[in-house]
Amino acid sequence: MRQSITLTTPSVRGSLTKELLRIVHNVSSQKEVVPSTNQLIDFFNPEGRDARNRIWKTIKYLEEKNRIHIEHRGEEQYVYLTAEGRIKLNEDAIWDMVVHKPRAWDQKWRLVMFDLPADNDRHRHSFRVKLEDLGFRLYQRSVFIFPYECHDEIHAIAKWYGINEHIRYIVATEVHDTRHFAKLFDLL
């Protein structure tokens, strides 16, 4: 499955680095083969020399950041995902995660509560930001509310940050001030 992309803006580089990491991971894990740099470049079906050079520069950038390792074998260069590359790929997956809204609301509220030790300030902030990114609303301090099923997503995020033992996920049928939150989530 080939795709053609136009590489013009700096923001494309971020999506290109993500896509390159995904391709290296998918090819090496599914087929148990390692892609060459030429195969990676050809996958994107670049239009013109500039687009080809942009992809090559992104490959070199990923190598400099220790996200991939390029092994030289004869004339070919093969690309391997490093441990740091796997971590970055997983982190990107967490930030790309969304909760899909069902057609009809099941009339239940999801409450996510957390109480993290003081030495986890960075993880607390990142977890709160991701909850807000998913569409959660602050119910009260360290308690967020959401109307749709998201158990798996919440636990995947908590596990990623290593805070799953500090997270509580509650499904409730009654919540004080339900009408206010129903309006916030456009459920009325």
Side-chain angles (χ1 to χ4, degrees), residues 1 3 11 13-32 35 62 65-69 79-188:
M1 181 173 179
Q3 63 184 29
S11 64
R13 183 174 186 172
S15 62
L16 182 58
T17 58
K18 287 180 186 181
E19 191 62 25
L20 280 167
L21 288 174
R22 285 184 191 128
I23 292 167
V24 172
H25 172 72
N26 290 341
V27 169
S28 59
S29 65
Q30 291 176 0
K31 299 180 182 177
E32 296 183 13
L62 288 170
K65 292 293 185 182
N66 196 29
R67 306 263 161 73
I68 61 172
H69 170 72
V79 181
Y80 295 87
L81 197 60
T82 63
E84 274 190 47
R86 281 187 190 85
I87 290 170
K88 181 64 177 162
L89 192 61
N90 290 336
E91 182 180 28
D92 288 345
I94 293 295
W95 283 103
D96 291 343
M97 186 181 291
V98 295
V99 174
H100 298 285
K101 296 178 183 177
R103 291 181 189 208
W105 179 42
D106 63 2
Q107 304 291 314
K108 296 178 184 174
W109 294 100
R110 280 66 184 185
L111 296 161
V112 175
M113 303 185 306
F114 53 95
D115 187 19
L116 299 172
D119 62 340
N120 273 343
D121 278 345
R122 196 178 100 233
H123 293 312
R124 178 187 298 113
H125 176 72
S126 296
F127 187 69
R128 289 174 66 101
V129 168
K130 183 56 189 171
L131 288 176
E132 291 169 355
D133 179 57
L134 288 173
F136 277 77
R137 300 295 183 135
L138 187 64
Y139 185 74
Q140 67 180 45
R141 187 175 176 186
S142 297
V143 179
F144 283 79
I145 189 168
F146 194 68
Y148 307 114
E149 179 57 45
C150 55
H151 179 271
D152 294 341
E153 292 87 349
I154 294 304
H155 285 286
I157 296 164
K159 187 175 179 182
W160 166 253
Y161 287 115
I163 58 173
N164 43 339
E165 67 272 4
H166 303 287
I167 305 300
R168 300 294 174 259
Y169 181 87
I170 299 168
V171 179
T173 54
E174 287 187 42
V175 174
H176 176 69
D177 205 8
T178 300
R179 190 159 181 77
H180 167 74
F181 289 106
K183 283 182 184 178
L184 281 175
F185 287 106
D186 199 25
L187 299 170
L188 296 178

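Note that this is a predicted model, so its numbers are computed, not measured.
- Tyr169 places a side-chain N or O within donor-acceptor distance of the main-chain N or O of His151, the cut-off being under 3.5 Å.
- Using a 4.5 Å heavy-atom cutoff, the side chains of Leu134 and Ile154 are in contact.
- Taking CD of Glu165 as the reference point, atom CG of Asp115 lies at 11.5 Å (rounded to 0.5 Å).
- For the pair Asn120 and Phe127, the minimum side-chain heavy-atom distance is 4.5 Å or more.
- Between the CD1 atom of Ile68 and the CG atom of Leu81 there is a distance of 8.5 Å, given to the nearest 0.5 Å.
- Cys150 SG to Lys101 NZ: the interatomic distance, rounded to the nearest 0.5 Å, is 12.0 Å.
- Contact annotation: the side chain of Leu111 never approaches that of Phe136 to less than 4.5 Å [non-hydrogen atoms, C-beta and beyond].
- Under the 3.5 Å distance criterion, the side-chain polar atoms of Thr173 are left unmatched by any main-chain donor or acceptor of Lys108.
- Ring pair Trp109/Phe185 is tilted by interplanar angle, where 30° to 60° counts as tilted.
- Lys88 is not listed as a side-chain neighbour of Lys18, based on a closest heavy-atom distance of 4.5 Å or more.
- The minimum heavy-atom distance between Asp106 and Pro147, with the atom names listed, is OD1-O, 3.9 Å.
- With a 4.5 Å cut-off on side-chain heavy atoms, Ile157 and Trp160 do not count as touching.
- A donor-acceptor pair under 3.5 Å links the side-chain atoms of Thr82 to the main chain of Arg67, judged by distance alone.
- The existence of a salt bridge linking Asp119 and Arg124 is excluded, since no basic side-chain nitrogen approaches an acidic carboxylate oxygen closer than 4.0 Å.
- Nearest heavy-atom pair across Ala156 and Ile94 is O-CD1, 3.9 Å.
- At a threshold of 4.5 Å between non-hydrogen side-chain atoms, the residues Glu132 and Leu138 do not count as touching.
- Residue Thr17 holds its OG1 atom at 9.0 Å from CZ of Arg22, rounded to the nearest 0.5 Å.
- Salt-bridge check for Glu149 with Arg110: passed, with a basic side-chain N closer than 4.0 Å to an acidic carboxylate O.
- A distance of 6.0 Å or more separates the ring centres of Tyr139 and Phe144.
- To the nearest 0.5 Å, the span separating CG on Asn26 from CD on Glu19 amounts to 8.5 Å.
- Here His166 and Phe114 keep their ring centres 6.0 angstrom or further from each other.
- The aromatic rings of Tyr148 and Phe146 stand perpendicular to each other, their planes meeting at an angle above 60°, with 30° marking the opposite boundary.
- Atom-to-atom distance recorded for Asp177:CG and Ile145:CD1 is 9.0 Å, nearest 0.5 angstrom.
- With hydrogens and angles ignored, the 3.5 Å screen pairs no side-chain donor or acceptor of Lys65 with any backbone N or O of Gly85.
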